[in-house]
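Chain naming here is simple, since letters A, B, ... match the order of the sequence lines and numbering starts at 1 in each. In this text, all values refer to a predicted model and were calculated from it rather than measured experimentally.
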Protein chains: 2
Amino acid sequence: MQDTLSQTFSALADPTRRAMLAKLSKGEANVSDLAKPFLKEMSLPAITKHLKVLEKAGLITKTRSAQWRPCKINGIALKNAADWMEQYRVFWEESFDRLEAYLKTVVPRKPGKGTKNARKKI
Amino acid sequence: MQDTLSQTFSALADPTRRAMLAKLSKGEANVSDLAKPFLKEMSLPAITKHLKVLEKAGLITKTRSAQWRPCKINGIALKNAADWMEQYRVFWEESFDRLEAYLKTVVPRKPGKGTKNARKKI
DNA sequence: GCTATAATTAACTAAGTAGTTAATTAACTA
DNA sequence: TAGTTAATTAACTACTTAGTTAATTATAGC
């Protein structure tokens, strides 16, 4: 049994599942709606399994309505993952700052129109 | 070959690797520094493999200094994952709002000191 | 050159994951 | 009740992952 965060991240570590979440972010959808874009590449049971992974990770909720299974996205699990990432924000902002600082040494700010011959001004 | 985002998320889907990132968020560390908390549970080659996963995902950078391999955290890959998550923020904020709204129906706002007997005021 | 330390590589195993096809369940519809 | 649609379950295969132990590489220091 995996911890919750590992389960969330490993559910997100698949492009098919992320595409399903993207579709669900536009509104509820049945299994067959979600399956449609992938049926050339994989079978319906494969889709069922992907949805089960998302459901176990708490990323979606599946309900029943006659023979359909409307699914909807569930924000909480995503929030937990996002909160975990948040503690590292300083690292990507700092590396952005370094990139920005570097770019300033290569191309001076406000070099007039365009950047052609900009270095001449240094 | 996996896409970049899948590689990032699957690297994050392991508590040992997340703990290593947590350690690296306090500053650079060698392989053996990173290994120390885990050597009761797993061998050094297992650690090497975890670090390789993090490195391939671009989450850390490993350099060389004599026989040591100082590692440092690399913000960019984390930023890409965080940027992906950002598009779903509305879903977790909305579910937080629903929770908040619900709580207001159960416990009224400003119920005086403490919440004991608060419902009497409804 | 010998020895200790740091880390990796090789070869292997056990368990988990992603997919398949065939069969089954469940609900609606004529 | 027979047929159709929606989805799942079962049983299986191929591949990947996470770990192991034993051997190896590379550097430092005496």
Side-chain angles (χ1 to χ4, degrees), chain A residues 1-21 23-24 27-73, chain B residues 1-21 23-24 27-73:
Chain A
M1 237 300 121
Q2 268 183 128
D3 64 288
T4 311
L5 211 44
S6 298
Q7 228 180 333
T8 304
F9 282 130
S10 90
L12 295 178
D14 181 284
T16 304
R17 291 193 291 260
R18 288 198 305 277
M20 288 169 161
L21 288 175
K23 165 84 177 172
L24 289 173
E28 288 197 12
N30 298 325
V31 174
S32 40
D33 300 330
L34 291 165
K36 193 166 287 173
F38 303 108
L39 290 178
K40 302 113 200 172
E41 303 148 36
M42 72 182 74
S43 67
L44 197 58
I47 300 290
T48 295
K49 286 190 180 184
H50 278 303
L51 289 172
K52 203 154 273 182
V53 171
L54 289 170
E55 199 183 10
K56 280 196 181 166
L59 287 163
I60 66 168
T61 308
K62 213 179 336 177
T63 51
R64 344 185 22 142
S65 164
Q67 69 266 55
W68 294 276
R69 299 289 175 273
C71 302
K72 64 186 228 287
I73 206 167
Chain B
M1 238 298 120
Q2 266 184 130
D3 63 289
T4 311
L5 210 43
S6 298
Q7 227 180 335
T8 304
F9 282 129
S10 87
L12 295 178
D14 182 284
T16 304
R17 290 192 292 259
R18 288 197 305 276
M20 288 169 159
L21 288 176
K23 166 84 177 170
L24 288 173
E28 286 197 14
N30 297 326
V31 174
S32 40
D33 300 331
L34 291 165
K36 193 167 290 173
F38 303 107
L39 290 178
K40 301 113 200 174
E41 304 148 37
M42 71 182 74
S43 67
L44 197 59
I47 302 290
T48 295
K49 286 190 179 186
H50 279 303
L51 289 172
K52 202 154 272 182
V53 171
L54 289 169
E55 199 182 12
K56 280 195 181 167
L59 287 162
I60 66 168
T61 308
K62 214 178 337 175
T63 51
R64 343 185 24 143
S65 163
Q67 68 265 57
W68 293 276
R69 298 289 175 274
C71 301
K72 65 188 230 286
I73 207 168

request  = Could you please name the option among C:dC28, C:dA7, C:dT20 that lies closest to any side-chain atom of A:Ser43?
outcome  = C:dT20

inquiry  = Applying a 4.0 Å non-hydrogen cut-off, can you work out what B:Gln2 is touching in the nucleic acid: base, sugar-phosphate, or nothing?
reply    = nothing

Touch class at under 4.0 angstrom, heavy-atom based, for B:Ala46 against every strand present = base

ask   = Could you state the CG-P distance from B:Leu44 to C:dT5, rounded to the nearest angstrom?
value = 14 Å

task = Measure the distance from CD on B:Gln67 to P on C:dT3 and round it to the nearest whole Å.
result = 18 Å

key: Between C1' of D:dT5 and CG of A:Asp33, the distance in whole Å   = 13 Å

query = How many angstroms lie between atom CD of B:Glu55 and atom OG1 of B:Thr48, to the nearest 0.5 angstrom?
reply = 11.0 Å

ask   = Can you check the A:Leu51 CG to C:dG19 C1' distance for me, whole Å?
value = 15 Å

ask   = Quick one: which of C:dT9, C:dA18, D:dT27 gets closest to the side chain of B:Thr48?
value = C:dT9

ask   = Between atom CD1 in B:Ile47 and atom C1' in D:dT20, what is the gap in whole Å?
value = 13 Å

request  = Give a yes/no answer on whether the side chain of B:Lys62 brings an N or O atom under 4.0 Å of OP1 or OP2 in C:dT8.
outcome  = yes

request  = Report yes if a side-chain nitrogen or oxygen of A:Lys52 is closer than 4.0 Å to either non-bridging phosphate oxygen (OP1 or OP2) of D:dA7; otherwise report no.
outcome  = no

ask   = Can you name the nearest heavy-atom pair linking B:Ala11 to B:Arg17, along with the distance?
value = O-NE, 2.8 Å

remark   = Contacts of B:Asn30 and A:Trp68 projected onto DNA chain C by closest heavy atom; the upstream (5') one is B:Asn30

ask   = Taking OP1 and OP2 of D:dG19, is either one under 4.0 Å from a side-chain nitrogen or oxygen of B:His50?
value = yes

remark   = Any strand, both distances under 3.5 Å, Watson-Crick or G-U wobble: D:dA22 pairs with C:dT9

key: Nearest-neighbour nucleotide for the A:Met42 side chain, C:dT20, D:dA22, D:dT8 considered   = C:dT20

request  = Would you mind reading off the distance between B:Phe9 atom CZ and D:dT16 atom P, rounded to a whole angstrom?
outcome  = 22 Å

note = Atom CG of B:Asp14 and atom C1' of D:dT16 are separated, to the nearest Å, by 14 Å

Nucleotide nearest B:Pro45 (side chain, heavy atoms from C-beta), chosen from D:dA28, D:dT5, C:dA10 = C:dA10

key: Spacing between B:Arg64 atom CZ and D:dA26 atom P, to the nearest angstrom   = 8 Å

message = How about NZ on B:Lys62, more than 12 heavy atoms from neighbouring residues, nucleotides or ligands closer than 6.0 Å, or not?
response = yes

task = Assign B:Ser32 to base, sugar-phosphate, or nothing according to its heavy-atom contacts below 4.0 angstrom with the strands shown.
result = sugar-phosphate

request  = Taking all non-hydrogen atoms of both residues into account, name the closest pair between A:Gln2 and B:Ala13 and its distance.
outcome  = OE1-O, 4.0 Å

ask   = Is the shortest side-chain N to carboxylate O distance from A:Asp33 to A:Arg69 below 4.0 Å?
value = no

inquiry  = Assuming nearest nucleotide by heavy-atom distance, tell me which of A:Lys49 and A:Arg69 is located more 5' along DNA chain C.
reply    = A:Lys49

ask   = Which heavy atom in B:Leu24 sits nearest to a heavy atom in B:Cys71, and how many Å separate them?
value = CD2-O, 3.3 Å

